[in-house]
Protein chains: 2
Amino acid sequence: MIDATVARNQVVEAADRLFYAQGVQAVGMDAVRAAAGVSLKRIYALFPSKDALVAAVLEHRRAQWNAGIAAGTAGADTARGKILAVFDFLDGWFREPGFNGCAFINAYGELHGGSPAVARTVREQKDAFQRYIADLVREAGGPEILAAQIAILAEGAQTTAAIAGTPDAAAQARAAAEVLLDAALA
Amino acid sequence: MIDATVARNQVVEAADRLFYAQGVQAVGMDAVRAAAGVSLKRIYALFPSKDALVAAVLEHRRAQWNAGIAAGTAGADTARGKILAVFDFLDGWFREPGFNGCAFINAYGELHGGSPAVARTVREQKDAFQRYIADLVREAGGPEILAAQIAILAEGAQTTAAIAGTPDAAAQARAAAEVLLDAALA
DNA sequence: TTGCCTTGAGAACGACCGTTCTCTATCATA
DNA sequence: TATGATAGAGAACGGTCGTTCTCAAGGCAA
């Protein structure tokens, strides 16, 4: 038998791929079973319900996002550089094959009506990102509104890249962020 | 019997309210029937399938959006004023009770995997908005990238207002747009 | 009034999905 | 080897949903 931790990871990663590509409600538990190679009985031993699996998938996405941001901004040594590096990270992500928009925004649009837990998780993720940007802006000496504006640019770039299919949105948003930073710090 | 046009409007408007508040997949055709006061048989005589009803609802939303933008920007007499008026329009919309984000973004997140028609409709709507902004930016004498940046701000304000529940996103995006306009036209 | 067409209300149907259950095979232990 | 617990495969169950069908009621022409 496969170790419980390994099986759990297989299920979460398979569900993540399927949910992200097709949407949560369009993917049945049997499809998750087939993709993960873990029996339904085992899946329900690891996750009490599909909702719990969705929560685990979002948690997995959050960890991936945090790791990606951390890695992307590690090379920058100033707060301003870190802020701009966020958009470089987005640029690379938008160009990955299979990019399909922000999984949190997608999940919110799909499930906000039926699952308060999902809505709350999405809100927490976006809040955490806003706080991250706010810390950097404060460190750079910028005003409070600038943090909100940078975050809005990042959100807008994600939906624009997803729907219009234009990865350039990251570079455009980055250029806008530069203008805002210059204007605020002048 | 109710006139066909009237019945059609009742169905579309009821479906719009339900779909927007709860999501498309969470609302059954029977709930649409109850809310519209039109029998299922009649609904299926007017729309061959639920997909067709979804398409009609999105078309209805597009008309509403265009009318709202037109009314919101009618008072401005310069291209720059019209661009900023778009954010004022968003501000008013975000503060309406029941505001739940952009219906097109929500529908895309929910249905992009299963309904190419919906994905295409959403893309067309966003393209049309981008062209509208691009025309205004060109009229104001701004560079091409500015149009994309303004559109990104508008998209980001919508998702931020929806998820974080902060209608202030409109004013913050508007202020950012002002900075970008000033920098580009200086 | 009589017969016909249409309509509305809702039952019915077939498909699908989340979840649970059954049954068989496997493996560890004595 | 015998035994008992466990896991996997997939059938089964209950519910929901999109769609269609039935049937009774009502309006309209002759």
Side-chain angles (χ1 to χ4, degrees), chain A residues 1-58 106-107 109-118, chain B residues 1-58 106-107 109-118:
Chain A
M1 178 183 97
I2 314 172
D3 180 69
T5 309
V6 174
R8 202 188 138 92
N9 283 347
Q10 284 180 356
V11 172
V12 168
E13 280 164 19
D16 186 33
R17 275 193 303 275
L18 293 172
F19 290 168
Y20 184 59
Q22 308 176 35
V24 173
Q25 311 201 65
V27 173
M29 292 298 278
D30 201 62
V32 174
R33 175 202 58 78
V38 174
S39 77
L40 267 183
K41 193 174 187 175
R42 198 88 195 283
I43 293 179
Y44 275 94
L46 293 164
F47 306 96
S49 67
K50 190 181 184 181
D51 273 359
L53 176 57
V54 171
V57 166
L58 289 180
N106 290 348
E110 183 172 359
L111 303 169
H112 66 88
S115 170
V118 167
Chain B
M1 178 182 99
I2 315 171
D3 181 67
T5 309
V6 174
R8 201 189 140 93
N9 282 348
Q10 284 179 358
V11 172
V12 168
E13 279 164 21
D16 185 32
R17 275 193 302 274
L18 293 171
F19 290 169
Y20 183 60
Q22 310 176 33
V24 173
Q25 311 202 67
V27 174
M29 292 297 278
D30 202 63
V32 174
R33 174 201 60 77
V38 175
S39 76
L40 267 184
K41 194 174 188 177
R42 198 87 195 283
I43 293 178
Y44 274 95
L46 293 165
F47 306 96
S49 67
K50 189 181 184 182
D51 272 358
L53 176 57
V54 172
V57 166
L58 289 180
N106 291 349
E110 183 173 359
L111 302 169
H112 66 87
S115 171
V118 167

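By convention in this document, chain letters (A, B, ...) are assigned in the order of the sequence lines, proteins followed by strands, and residues within each chain are numbered from 1. Scope of the values below: all heavy atoms of this structure, side chains included, with no hydrogens, waters or symmetry mates.
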Does anything in residues 19-30 of chain B pair up under salt bridge (charged side-chain N to carboxylate O under 4.0 Å, His left out), and if so which pairs, sequence neighbours excluded?
-> B:Asp30-B:Arg33
Salt bridge (charged side-chain N to carboxylate O under 4.0 Å, His left out) contacts in which one or both residues fall within residues 4-27 of chain B, not counting sequence neighbours = B:Asp16-B:Arg61
Is there side-chain contact between A:Phe19 and A:Asn106, with at least one heavy-atom pair below 4.5 Å?
-> no
Atom pair CD/OG of B:Glu110 and B:Ser115 - distance to nearest 0.5 Å = 10.5 Å
Whole-Å distance separating the CZ atom of B:Arg33 from the P atom of C:dG10 | 7 Å
Nearest-Å distance, CD1 (A:Ile43) to P (D:dG10)?
-> 14 Å
Tell me, for nucleotides 16-21 of chain D in 5' to 3' order, what letter each nucleotide earns: B for a base near a protein heavy atom under 4.0 Å, S for only sugar-phosphate near one, - for neither?
-> --SBB-
Can you see which heavy atom on A:Val27 is nearest to which on A:Leu18, and at what distance?
-> CG2-O, 3.6 Å
